[in-house]
Structures are given as structure tokens and as C-alpha cells.
Amino acid sequence: MSMPSSEARAVVGLVVMPGDGIGPEIAAATLKVLDAVERRMQLGLALDEVPVGLEALRRHGTTLPDASFAAAERADGVILGPVSHNEYPPVAEGGLNPSGEMRRRLDLFANIRPARSRAGFPPRCGKAVDLVIVRENTEGFYADRSMFLGLGEIMPTPDLALSLRKITRAGSTRIAEAAFRLAARRRKKVTAVHKANVLRVSDGLFLDCVREVGARYPSVAYEERIIDAMAALLVRDAGMFDVIVTTNMFGDILSDEASEIAGSLGLAASLNAGAAHGVAQAQHGSAPDIAGRDLANPSSLIGSAAMLLAWLGERRNDDRLIAAAALIERVLDTVIARPEWRTADLGGPLGTKAFAQRIVDTVGEFTDANA
Ligand code: ATP
């Protein structure tokens, strides 16, 4: 494909929201890597950092300032660090969950969560893993997403708490379409995960929608698994799955399991995507137990940023952005293959900063020969 010259190439405006816990550390590492990719490839990346989370609460009285959200909405893509929303005050006191708010307000309905074993680092159990969980992101059991007004959790009496789970035909159909489209470009298999034996109405509707979409993809094999059996099957051999499509909370839980089986939560990249916006976000939370200690593995957010570049590249028909994403992935593989270059979660000696520097150096000197 012919590409415009670098002078004519539009700038790719990315907004970075570092977040809480290990967020600032892994965001800084990701920025260093993107800088190195920019130096090597001159993609026209322009990075702008805006506050969210506890720092934003201290400075602006809210964990998601309007100006930060507006910057994200205007950007070509967003890199969002993990947030400690469990520690936030109530919404009335400024404690909005930036992750949930972004997913809802930007209509980021598909959370694409790959779990892939890295070269030279065997999976924790079973055979090599290369699967993608396609998780519905805007409804389900999430109390901040399932209602037009108010929250999806109510307490009619001090001794009775109720949670509402929202499943819609439109939401289920569009996530199923994302899953089948992806599977058609991969190993052509979709597994729908549900609990329709108990949640007959809501997961019944979800499955009806997935089957209807699946009928339009005859070349893609289709199967259904109940969530509890699926949790066990992943441990037995996650290698038998290609694309897994499921509702919001099942997808959240299964993807942590799949990523840990593939190596570590520290490797777990993800992209939140809608029709108009893409937000790179690690699968894991803010890991307060290791925050501020230079212990976090930034591969998760670096890999998420690569997914964002690939997503943008496909939307813009820009092969260079797709090549940049592939470069980052191959560099991650190359570095993680060396035990002496790994972070502590993978049994290695490197801290977050030294690992990021290793990735930066490898981006600078990478050739197919040293892969
Ligand atoms: P939160 O409440 O924000 O979800 P959490 O600690 O309960 O935080 P995670 O952040 O998902 O949940 O972390 C679960 C475990 O995985 C923690 O023990 C954490 O140290 C580890 N972990 C998560 N992310 C990383 C990472 N990038 N590198 C290394 N270890 C990680």
C-alpha cells in the first residue's frame, strides 16, 4: 500500500492517563517505549498526559476531571493506566471510576483481551496459549453501567442487597459480531461462555444473539461452554480455544485466569474499542501491593499501547502503525525470552525501569536477525 510522506502524515494524538497504584510507573515505561518507536519509525505520535484518579481528586476535586475526559474524547486514542476506584469517595464527592466512565461515555463496547504465551516462557499449565477473550464492556453486572439513572445495586432494607444484570439484544449482537469478525481472521473458532442453565432469560438472550450472528459465519466453528466448566477447561488446556465471547463480568474473571495461565497478569494487554474510540488499558488493576516499588511488569500496558496502534492502523489503513504494533510485540517476545531480562512476576531480576530501558534499547537495535 502506498503511504503518504512523513511530512503529509497526520499526527497521531494520544492521551495518556497514568492512574493510580502502579499506573504511573507502567505509564511512564509505556511512554518511554512509544518515544523509542517514534524515534525509530517517525509515525507522528504526539502524546499528551492528563490526570485521572487520586491525583486528580487532590488537584481538581474529582477522579475524572471534565478537561481530562474532553482530551480523551478528542484524541485519536487513549492510554489509560489502572485505577484504585475501590479507594475513591462516593460519586457525590468526586469519586467517579474513570475506567467505567470512559467505557460508558465513549461507548467502548468491546474489551479485547488476548492471552498468549510468550516465546521462551512456557504457560503455567497446559499447552501453549493463544486466545482472545472478547468481553462485552457496557452492560452486564456492572452497577455503574447497567442503569440510565442511578446504580444497578439497591438495598431495599439494611439486610437485603440486590444487583441488577443488564443484557440487551443490541449489546449482545454487537459483541458477537466483534468476536466472529476477529475469529474469521484467526483460527476460526468462537466459544460462547454463559450460565444459561441458571440465568435462563438473560444468558438465554445473549446466546440467541451469538447464535444468530454465528449463522452468518459458516467458516467459523462455534461452541458453547458454561462458565464454571470453562474455568476448569482453561486450566486443563487453554490451547484449545481461539476466540471466547462472553458477558462483562465472566469476561473480566476469565481473562485474569487466562492471562495468568499464559504467563502473568503483568503480560495482560487489552484494548477497549467502540465504533469511534479506542482505549488501551492493562487487564489488571492498580496492584497497590507492589505500587511505588519498581516491581510492576509494564508489558501489560506496553502491549495494550501496541494494540491501540494496530487498531488505529486498521482504521486509517496505515500499514506503518500496524508495523509499529508488530515491532513492539516482537521486542516484548525477544526481551521476555531472556530470563535475565525478566521482571519479578516472571521470576526475573529487573525492575520496571530497567525492563523498560531494555525494551527501549531493543526497539532501537531490533532487526529480524536478533529476534
Ligand atoms: P485492584 O483493586 O486495583 O484491582 P488488585 O491488587 O486487587 O488491585 P490486580 O491489580 O489485578 O488486583 O493485581 C492482582 C495481583 O497481580 C496482585 O498481587 C499484583 O501484585 C499482581 N499484578 C498485577 N499487575 C501486575 C503487574 N503489571 N506486574 C506484576 N504483578 C502484577
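Ligands are counted one by one from 1 in listed order, and the atoms in each one are counted from 1 as well.
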> Which one of Arg116, Lys189, Arg186 satisfies the salt bridge (Lys or Arg N to Asp or Glu O under 4.0 Å) criterion with Asp242?
Replying inline: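 It is Arg186; the other options fail the test.
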
What about [X]: any of its N or O atoms under 3.5 Å from an N or O on ligand 1?
X: Asp289; result: yes
X: Ser84; result: no
X: Asp345; result: no
X: Ile26; result: no

> Can you tell which part of Ile22 has a heavy atom less than 4.0 Å from ligand 1: side chain, backbone, both or neither?
Replying inline: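 Contact part for Ile22 vs ligand 1: side chain (C-beta onward).
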
> Would you say Pro288 contacts ligand 1, with heavy atoms under 4.0 Å as the rule?
Replying inline: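 True for this residue.
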
> Judged by non-hydrogen atoms, does Pro82 sit under 4.0 Å from ligand 1?
Replying inline: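 Per 4.0 Å heavy-atom rule, Pro82 does not contact ligand 1.
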
Run the salt-bridge test on [X] and [Y] with the 4.0 Å N-O cut-off and return the result as yes or no.
X: Arg105; Y: Glu73; result: no
X: Arg169; Y: Asp208; result: no
X: Asp237; Y: Lys127; result: yes
X: Asp333; Y: Arg118; result: yes

Just to confirm my output: which protein heavy-atom neighbour is closest to [atom], and how far is it?
atom: atom 9 (P) of ligand 1; result: Gly285 N, 3.5 Å
atom: atom 22 (N) of ligand 1; result: Ala287 CB, 4.2 Å
atom: atom 3 (O) of ligand 1; result: Ser286 N, 2.7 Å
atom: atom 24 (N) of ligand 1; result: His284 CG, 3.2 Å
atom: atom 28 (N) of ligand 1; result: Asn297 N, 2.9 Å
atom: atom 15 (C) of ligand 1; result: Leu265 CD1, 4.2 Å

> Mind checking whether Leu57 and Tyr88 have side chains closer than 4.5 Å, heavy atoms only?
Replying inline: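 They are not in contact (no side-chain heavy atoms under 4.5 Å apart), so the answer is no.
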
> How about Arg187: does its CZ atom have over 12 heavy atoms from other parts shown lying under 6.0 Å from it?
Replying inline: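 For Arg187, atom CZ is crowded (more than 12 foreign heavy atoms under 6.0 Å).
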
>> Does His85 form a side-chain hydrogen bond (donor to acceptor under 3.5 Å, both in side chains) with Ser99? I'd like the steps, not just the answer.
In response: CA-CA 9 Å; His85 59 94; Ser99 170; over 6 Å; no

